[in-house]
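Accompanying notes for the structure given below.
The model shown is predicted, which means the values in this text are computed figures rather than measured ones.
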Amino acid sequence: MTSDPAELLRQHGIQITAQRLAVMRAVAGRPHITADGVAEAARAEIGTISLQSVYDALGVLVGEGLVRRIQPAGSPARFEARVGDNHHHLICRTCGRLVDVDCAAGAAPCLTPSDGMGYEIDEAEVVYWGRCPECASQGRAESD
Ligand SMILES: [Zn+2]
Ligand SMILES: [Zn+2]
Ligand SMILES: [Zn+2]
């Protein structure tokens, strides 16, 4: 599997544009980046790009499975290039820090419902919420 953005676009039959390449690089370079962050990184690379163009490019890349979109409750959508491995996220409720964690079960769906009601289930949405070590230790310091 290649990580060259141009090669990835080609393999998926997506027309290669400077904007899409810049968006791919931004997402690959900063996992869990927001659309605003992508726009900022893309502008640094190619100059002018509108937020709408960023959303359009992200939409194409997500649609083709090259980019994964995650939208934690209360947070703007985030984008990452780590796709297809069924990993999950740990999110700090206090500072919003979000990190990857491998799936404990391995393959989707990770969980089996008590009653599947005849549904063909392909995914259980798993997000681990809590406090990151830094916030947890600051919380302890405050209460001491
Ligand atoms: Zn935190
Ligand atoms: Zn991730
Ligand atoms: Zn899992």
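Using a 4.5 Å heavy-atom cutoff, the side chains of Arg20 and Pro5 are not in contact. For the pair Phe79 and Arg68, the minimum side-chain heavy-atom distance is 4.5 Å or more. The shortest side-chain heavy-atom distance between Gln52 and Asp56 falls under the 4.5 Å cut-off. Between Pro72 and His89 the shortest side-chain heavy-atom distance does not fall below 4.5 Å. In this structure the side chain of Glu80 never reaches within 4.5 angstrom of the side chain of Val67, judged on heavy atoms.
For the atom pair CG of Asp4 and CD of Gln11, the computed distance is 9.0 Å after rounding to the nearest 0.5 Å. The distance from the CZ atom of Arg25 to the CD atom of Glu45 is 4.5 Å, given to the nearest 0.5 Å. For the atom pair Cys132 SG and Gln138 CD, the distance stands at 7.5 Å (nearest 0.5 Å). Here Ile16 contributes atom CD1 and Glu7 contributes atom CD; the two are 8.0 Å apart, rounded to the nearest 0.5 Å. Taking CD of Glu64 as the reference point, atom CD1 of Ile14 lies at 4.5 Å (rounded to 0.5 Å).
Closest of all the heavy-atom pairs between Ala57 and Val23 is CB-CG2, 3.9 Å. For the pair Leu51 and Ala35, the tightest heavy-atom approach, listed with the atom from each and the gap, is CD1-O, 4.0 Å. Smallest separation of non-hydrogen atoms from Thr34 and Pro76: CG2-CG, 3.9 Å. A pairwise comparison of heavy atoms in Ala39 and Ile49 identifies O-CG2, 4.1 Å as the closest pair. The heavy-atom pair separating Ala81 from Ala28 by the smallest distance is CB-CA, 3.9 Å.
Heavy-atom contacts from other residues, nucleotides or ligands closer than 6.0 Å to CD of Gln71 number more than 12.
In this structure, Met117 shares a hydrophobic cluster with Tyr119, Ile121, the cluster being traced through Ile, Leu, Val, Met, Phe, Trp and Tyr side chains under 4.5 angstrom apart. Members clustered with Val127: Ile70, Ile91, Leu98, Trp129, by chain and number, using a 4.5 Å side-chain heavy-atom cutoff among hydrophobic residues.
Of the charged side-chain nitrogens involved, none lies within less than 4.0 Å of a carboxylate oxygen, so that Arg43 and Glu40 do not count as a salt-bridged pair. The pair Glu134-Arg97 meets the salt-bridge criterion, with a side-chain N (NZ, NE, NH1 or NH2) lying under 4.0 Å from an Asp/Glu carboxylate O.
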Applying side-chain contact (heavy atoms from CB on, under 4.5 Å), run through His88 and Cys110 and close with a yes or a no. CA-CA 10 Å; His88 304 302; Cys110 313; 3.2 Å; yes
Check the pair Asp102, Arg82 against salt bridge (charged side-chain N to carboxylate O under 4.0 Å, His left out), reporting the backbone distance first and the verdict last. CA-CA 11 Å; Asp102 288 339; Arg82 183 177 168 184; 2.7 Å; yes
Please report the C-alpha distance between Leu61 and Val27 in whole Å, then the side-chain angles of each, then the deciding distance to 0.1 Å, and finally whether the side-chain contact (heavy atoms from CB on, under 4.5 Å) criterion is met. CA-CA 10 Å; Leu61 298 173; Val27 174; 5.9 Å; no
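Side chains of Asp100 and His87: a donor-acceptor N/O pair is present below 3.5 angstrom, by distance only.
Exactly one of Leu9, Val83, Val60, Leu58 qualifies for a side-chain contact (heavy atoms from CB on, under 4.5 Å) with Leu66. That residue is Leu9.
Side-chain atoms of Ser137 come within 3.5 Å of backbone N or O of Pro133 as a donor-acceptor pair.
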